[in-house]
Amino acid sequence: MSRSAHPAGPRHADVYPEGHYTAPPADLNVLDEKVWARTVRRNSDGVVTVGGIEVSRLAEEFGTPAYFLDESDFRARCRAWADAFGPDADVFYAGKAFLSRAVVRWLMEEGLNLDVCSGGELTTALDVGMPPERIAFHGNNKSTEEIERAVRLGVGRIVLDSFQEIVRVAHIAQSMGKRQRVQIRVTVGVEAHTHEFIATAHEDQKFGIGLAGGEAAEAVRRALKLDGIELVGIHSHIGSQIFDMAGFEVSARRVVQLLADVRDEHGVELPEIDLGGGLGIAYTSEDDPAEPHEIAKALNEIVGRECEAHGLATPRISVEPGRAIVGPTAFTLYEVGTIKPLEGLRTYVSVDGGMSDNIRTALYDAEYSVALVSRTSDAEPMLSRVVGKHCESGDIVVRDAFLPADLAPGDLIAVPATGAYCRSMASNYNHSLRPPVVAVNDGEARVIVRRETEEDLLRLDVG
Ligand code: LLP
């Protein structure tokens with residue numbers, strides 16, 4: 001699903017089997033800074049460090065598998081998004097990518113808002129004092145309890161996802177004597193070039209209200225008539241792990257067209273548009289993601305131009321990056337266990353985690369990189385598949401990657417760019433214990449989400 005799916009070039013087809021990989025890098029010890037968190041380096045002893053701390057020390061103190069998150073990188077990325085869009089726009093971090101109390105604190109300190117899509121995410125945000133007005137509530141099937149709570153708290157906006165929800169939110173708010181700010185989520189009909197399960201703006205899927213057939217215009221018509229809601233804007237999220245700016249531009253153009261249609265029909269200029277998240281990140285050296293300032297420039301230009309053409313005042317723009325903020329900031333550290341070489345094929349390298357801490361490879365065919373991080377090696381590159389310890393053959397973490405041929409049990413390897421949708425989609429499959437998230441910053445490491453314990457498992461099991 002990332003763009004790095006290249007068949008082996010002719011030079012390697014003779015040597016290696018078909019697969020999703022390019023040539024082995026010239027030097028396996030060199031870390032490609034594109035895929036690693038900003039403070040990750042290899043020190044003069046050959047050990048990789050993050051925030052100045054050696055991974056071997058981190059493994060000793062926190063165990064493996066574990067996610068290590070570079071706090072300064074997270075904060076820098078928040079600032080880059082906020083700066084790129086400026087004071088006349090709003091950046092909502094998409095909490096589904098990874099959310100914890102510490103993350104919410106960082107967001108508040110760096111001036112970002114938050115997009116939540118469940119009562120659980122809302123609770124996490126409120127627990128550390130995120131002001132409700134800085135929270136947007138999403139979801140295609142919000143429960144009545146979730147809606148009531150969001151309205152009672154006064155969240156900044158609820159993003160309405162269906163005709164039923166327009167009525168439901170309006171009635172709930174009205175019965176509480178409130179007027180809830182809402183946006184309507186539309187599907188703009190863009191086929192984002194990403195995996196089917198994470199593309200969301202084509203028509204044939206569960207999210208949003210279609211634009212092309214006039215449903216979105218009808219939704220606006222109904223919303224404007226209801227007292228319990230104040231329709232402040234239109235929302236569009238076209239998908240995730242997207243590299244091609246064209247999709248965002250088409251989406252922006254179609255959303256502005258709807259604003260113009262609404263103005264023409266109702267004499268109302270909706271003041272906001274939200275263009276969602278979805279900007280891709282580098283999982284391998286083949287990926288070339290855009291920077292926040294590039295996407296900000298592209299969106300501002302297209303929205304500005306289209307609004308001018310329609311004689312509309314430029315609405316306040318918001319965006320909802322998740323992966324592009326947290327994804328690159330973390331890596332997963334594993335200890336190598338069983339190694340199984342298959343002559344003429346590849347070597348299976350088993351680690352002490354797997355699909356329970358990173359389901360993305362199994363679910364989306366996602367591609368990742370991997371490196372030996374506890375030492376350097378001058379051994380030949382060995383075509384490897386990094387697999388977990390779970391009871392199925394689809395338990396793959398890194399499908400195709402090169403590791404040094406002298407790799408041995410006990411070595412530490414790390415998979416970069418696992419900050420987004422890894423811990424947040426982790427499971428207890430095989431009654432495994434979900435790994436901790438450790439924030440590292442300037443020589444200090446602290447657990448922000450602790451490792452699960454067997455007592456945690458038993459506590460839920462009340463039979
Ligand atoms: N806004 C809305 C309404 C969303 O549904 C999402 C992601 C985002 C923003 C943030 O998108 P991002 O910037 O993180 O791409 N589990 C999948 C990704 C699912 C994304 C769901 N919605 C994965 O691991 O790739």
Side-chain angles (χ1 to χ4, degrees), residues 1-3 74 77-78 80-81 85 90-99 103 112-118 121 135-142 157-162 165 183-188 190 192-202 205-209 233-244 247-248 251 255 273-283 287 289-290 292 295 299 317-330 332 355 357-368 397 415 417-427:
M1 53 152 289
S2 80
R3 293 192 315 172
F74 185 97
R77 285 173 193 277
C78 289
W81 278 88
F85 280 87
D90 299 299
V91 180
F92 286 75
Y93 169 74
K96 66 206 83 182
F98 172 63
L99 196 66
V103 163
L112 264 61
N113 308 291
L114 177 66
D115 139 14
V116 301
C117 64
S118 71
E121 289 183 356
I135 299 175
F137 203 104
H138 269 280
N140 67 302
N141 190 21
K142 305 171 191 77
R157 69 168 79 131
I158 295 181
V159 181
L160 303 174
D161 208 273
S162 66
E165 208 171 67
Q183 293 186 342
I184 290 177
R185 176 165 175 177
V186 302
T187 43
V188 293
V190 171
H193 298 289
T194 186
H195 191 282
E196 183 197 353
F197 293 166
I198 53 176
T200 58
H202 55 294
Q205 44 86 20
K206 69 173 182 168
F207 291 110
I209 298 177
I234 301 296
H235 182 286
S236 161
H237 170 74
I238 59 170
S240 215
Q241 186 58 3
I242 296 167
F243 289 93
D244 189 352
F248 293 109
S251 163
V255 167
I273 61 174
D274 187 306
L275 296 168
L279 194 66
I281 63 164
Y283 284 103
D287 296 326
I295 186 164
L299 293 182
I317 297 179
S318 54
V319 286
E320 298 171 336
R323 186 192 319 265
I325 290 180
V326 71
T329 67
T332 315
M355 64 194 300
D357 59 70
N358 187 348
I359 189 66
R360 300 193 65 262
T361 308
L363 195 56
Y364 314 119
D365 225 358
E367 297 201 10
Y368 282 92
V397 180
V415 174
T418 58
Y421 304 110
C422 286
R423 180 60 181 78
S424 69
M425 292 172 81
S427 77

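Bear in mind that the values here come from a model prediction, so they are computed numbers and not experimental data. Numbering of ligands and ligand atoms starts at 1, following listing order. Along the sequence shown, residues are numbered consecutively beginning with 1.
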Q: Check if Ala324 has a non-hydrogen atom at a distance under 4.0 Å from any atom of ligand 1.
A: no
(Q) For ligand 1 and His235, I'd like to know whether there is a polar contact (N/O to N/O, distance under 3.5 Å). (A) no
Q.
Within 45 degrees of the ring normal and closer than 6.0 Å to the centroid, is that where the cationic atom of Arg360 sits relative to Tyr368?
A. no
Q | Centroid-centroid under 6.0 Å between Phe74 and Tyr93 rings | A | yes
(Q) Counting only nitrogen or oxygen atoms and a 3.5 angstrom limit, does Gly239 reach ligand 1? (A) no
Q: For Met425, take its heavy atoms, then give the atoms of ligand 1 lying under 4.0 Å from any of them.
A: 16 (N), 24 (O)
Q | Sub-4.0 Å atoms of ligand 1 with respect to non-hydrogen atoms of Glu320 | A | 1 (N), 2 (C), 3 (C), 8 (C), 9 (C), 10 (C), 13 (O)
(Q) Please report whether ligand 1 has a polar contact with Ser240, defined as an N or O pair separated by less than 3.5 Å (distance criterion only). (A) yes
Q. Which is it for Tyr364 and ligand 1 at heavy atoms under 4.0 Å: side chain, backbone, both or neither?
A. side chain
**Q.** Tyr421-ligand 1 polar pair, N/O distance under 3.5 Å
**A.** yes
Q.
Need the ligand 1 atom indices (1-based, order shown) with element for anything under 4.0 Å from a heavy-atom of Ala94.
A. 8 (C), 9 (C), 10 (C)
Q.
Show the atoms of ligand 1 that are less than 4.0 angstrom away from any heavy atom in Arg360.
A. 23 (C), 24 (O), 25 (O)
Q. Does Gly278 come within less than 4.0 Å of ligand 1, judged by its heavy atoms?
A. yes
Q. Excluding sequence neighbours, so at least two apart, what forms side chain to side chain contact (heavy atoms under 4.5 Å, CB included) with Asn113?
A. Asp90, Phe92, Arg134
(Q) Would the distance check show the side chain of His235 and the main-chain N or O of Asp274 forming a donor-acceptor pair, the cut-off being under 3.5 Å? (A) no
(Q) Distance under 4.0 Å to a non-hydrogen atom of Asp115: what atoms of ligand 1 satisfy this? (A) 1 (N), 9 (C)
Q. Short list, please: which atoms of ligand 1 are under 4.0 Å from a heavy atom of Gly322?
A. 12 (P), 13 (O), 14 (O)
Q: Indicate whether the side chain of Arg323 and that of Ser240 have a donor and an acceptor atom separated by less than 3.5 Å.
A: yes
Q: Mind listing the closest non-hydrogen atom pair of Arg185 and His138 along with its distance?
A: NH1-ND1, 4.5 Å
